[in-house]
Amino acid sequence: MNPQLASTILYCLFFFFLGIAAVLAFIQRQAVKRRERLDAEAEAVLESARREAETRGNQIIVDAREKALAIKAEADREVAAMRETEQIRDRKLDAREDQLASGQESLRKAQRGLESSQTRLAAQMRNLTEQRAELDRLVQESQRALEKVSGMTQEEAAEKLMQSLRQDLEHEIGSTVLKHQRELGRRVDAQAREMLLTAMQRYASVHTADTTTSTVGVPTDDMKGRIIGREGRNIRAFEKATGVDLIIDDTPGVVVVSGFDPVRREVARMSLEKLIADGRIHPSKIEETVEQAGKEIQAFILQKGQEAAGEVNVSGLHDRVIEMLGRLHFRTSYSQNVLRHSVEVAFLAGMMAEMIGLDGDLARRCGLLHDIGKAADHELEGGHPKIGADLLRRSKENDEVVHAAKGHHDEIVTEFPYTMLVATADACSASRPGARRESLERYVKRMEELESIAQRFDGVQQAYAISAGRELRVMVGSQQVSDERAAAICRDIASTFEKELTYPGEIKVTVVREARFTNTAT
């Protein structure tokens with residue numbers, strides 16, 4: 001190797017290591033300085049912590065001393081308060097002891113006064129006992145003297161006195177009760193009369209009389225022959241289709257339609273008018289016309305039922321009930337239209353119900369449907385109250401309406417006030433002037449028949465037909481007729497009416513004696 005190159009390498013290595021040593025020495029010096037700085041900082045932190053700990057320790061000691069002083073002061077105050085309470089309690093105890101001593105002294109004084117009073121009372125009791133014994137002796141002597149004079153013992157005299165007082169008291173009570181009963185009766189009658197008059201005045205309905213037959217005008221007698229037809233086939237077909245009788249006589253320009261069912265009679269009348277207007281009269285045309293008229297009458301019936309229900313503001317009626325209600329338009333009772341009568345009863349019952357604080361709507365419903373059975377009483381067995389009640393019960397009407405229909409003629413025991421209202425309204429509507437038209441001769445004849453039948457029976461003094469012939473009042477002599485005989489006369493008169501008379505509706509027979517017996521001819 002070249003010596004010069006080697007020396008150069010050695011020099012380089014020397015300086016390299018020398019630089020490394022210098023760097024290491026520098027790094028070591030920096031580490032020593034940093035460690036010294038960290039030691040100084042740690043020493044400063046420790047010193048600061050030490051000073052802070054000493055400061056906080058001193059503060060805690062101060063706070064503890066302050067709390068201890070406060071607790072001691074509070075304890076001193078509590079001890080002082082307890083001492084003051086004890087002192088007050090001691091003073092109260094001392095006062096109570098003084099009061100107790102004073103009370104004991106007063107009690108001793110009162111006891112001495114009571115002993116003195118007892119002594120005086122004992123003396124007075126002895127005196128009273130002696131006086132009572134003397135009084136008893138005098139009373140016994142007086143009683144013996146009275147018994148000797150009156151001839152009665154003490155018990156007998158007391159019983160007689162009590163009996164006399166009892167009789168006087170019963171007489172006084174009876175006269176007072178009778179007086180109040182009469183006064184109450186007068187007031188009730190006056191109030192009921194005023195209520196009925198007010199209701200009747202507020203509702204006034206015009207009635208039109210319907211006949212039991214219908215007449216149809218014919219233009220010529222030739223038309224009568226066409227109605228009869230060849231060998232009477234047209235009239236037979238007409239009567240078969242309608243279920244009524246045609247009366248064709250010598251009366252000019254008139255053909256009479258007669259039938260028991262008013263609806264059938266109206267269908268026949270309308271059909272005959274249509275046939276006469278058309279001019280073609282033969283069996284097939286008759287059947288077609290009758291069927292068409294029947295549909296029109298059915299629609300008319302439903303319309304009448306709905307109009308009546310709407311007039312009295314009754315809603316929710318069954319379709320069957322509305323139809324039967326419309327049929328009442330063709331039904332009459334003593335020539336009074338039953339549908340108009342039902343509407344009038346509904347208004348009257350509703351007015352009276354509102355006057356006495358009951359449900360006016362329910363009363364109007366009961367009044368409107370009370371005679372619904374008359375629409376089918378010629379088709380079913382039984383009176384119209386029973387028929388109507390059964391129909392309303394099947395139509396899901398409530399108990400008040402059903403009971404009003406069944407009991408408005410007093411045939412059953414009244415359970416609801418609405419039944420009594422309907423019965424009252426029914427009587428007002430039927431008996432008021434102008435409601436039911438009838439010839440004077442027939443009216444007088446029926447009245448005379450009712451009174452004459454009642455006069456046949458022995459013991460009857462007077463008989464009066466009232467309420468347009470629907471009720472008979474019979475007066476019997478209380479000396480000749482007993483209560484049992486009066487009941488038998490009432491029953492016999494009703495049976496005689498059923499056998500000898502023909503009348504619509506019912507007749508109530510009332511026999512008046514010392515007791516009253518009522519029966520109804522149906």
Query raised in the report: What pairs of residues pass the side-chain hydrogen bond (donor to acceptor under 3.5 Å, both in side chains) test when at least one of them lies in residues 68-80, not counting sequence neighbours?
Result: Glu74-Arg77
Report task. Using a strict cut-off of less than 4.0 Å between a Lys/Arg side-chain nitrogen and an Asp/Glu carboxylate oxygen, indicate whether Arg513 and Glu484 qualify as a salt bridge. Result -> no
Report summary line: Scanning both residues in full, the closest heavy-atom pair of Ala353 with Ala363 reads CB-CB, 3.5 Å
Requested in this report: Verify whether one side chain among Glu451 and Gln462 offers a donor that lies under 3.5 Å from an acceptor in the other.
Outcome: no
Requested in this report: Can you measure from CG (Leu93) to CG (Leu100) and round to the nearest 0.5 angstrom?
Outcome: 11.5 Å
Requested in this report: Could you tell me the separation between the CG atom of Leu348 and the CG atom of Asp426, rounded to the nearest 0.5 Å?
Outcome: 10.0 Å
Query raised in the report: Which atom pair, heavy atoms only, marks the closest approach of Thr510 to Glu471?
Result: OG1-OE2, 3.6 Å
Query raised in the report: Can you tell me if Ser495 and Arg491 form a side-chain donor-acceptor pair at under 3.5 Å?
Result: no
Report summary line: Residues pairing under salt bridge (Lys or Arg N to Asp or Glu O under 4.0 Å) where one sits in residues 83-97, two or more places apart or in two chains, turn out to be Glu86-Arg89
Query - Glu397 bridged to Arg393 by N-O distance under 4.0 Å - result: no
Report task. State plainly whether the residues Glu47 and Arg50 are in salt-bridge range, i.e. N to O under 4.0 Å. Result -> yes
Requested in this report: Kindly compute the distance separating CZ (Arg126) from CG (Leu121), expressed to the nearest 0.5 Å.
Outcome: 10.0 Å
Query - Donor-acceptor side-chain pairing of Arg120 and Ser117 below 3.5 angstrom - result: yes
Query raised in the report: Which atom names give the shortest non-hydrogen contact between Ala405 and Ala389, and what distance separates them?
Result: CB-N, 4.2 Å
Query raised in the report: Would you say the ring centroid of His341 lies under 6.0 angstrom from that of His370?
Result: yes
Report task. Answer yes if the ring centres of Tyr418 and His403 are under 6.0 angstrom apart, and no otherwise. Result -> no
Requested in this report: Kindly give the heavy-atom pair with the smallest separation between Leu391 and Arg320, and that separation in Å.
Outcome: CD1-CG, 3.8 Å
Query raised in the report: Among Leu368, Asn337, Leu339, whose side chain to side chain contact (heavy atoms under 4.5 Å, CB included) with Leu328 holds?
Result: Leu339
Query raised in the report: Hey, is Lys304 close enough to Glu311 for a salt bridge, meaning N to O under 4.0 Å?
Result: no
Query raised in the report: Would Gln303 and Glu307 count as having a side-chain donor-acceptor pair, cut-off 3.5 Å?
Result: yes
**Report entry** Heavy-atom pair with the smallest gap, counting every atom of Leu325 and Ala309
**Finding:** CD2-N, 4.4 Å
Query - Between Asn127 and Gln131: side-chain donor-acceptor atoms closer than 3.5 Å - result: no
Query raised in the report: Got more than 12 heavy atoms from elsewhere within 6.0 Å of CZ, Arg137?
Result: yes
Report summary line: Closest non-hydrogen atoms of Val345 and Val422, given as atom of the first, atom of the second and distance, are CG1-O, 4.1 Å
Report task. Please check if atom CZ in Arg108 has more than 12 non-hydrogen atoms from other residues, nucleotides or ligands closer than 6.0 Å. Result -> yes
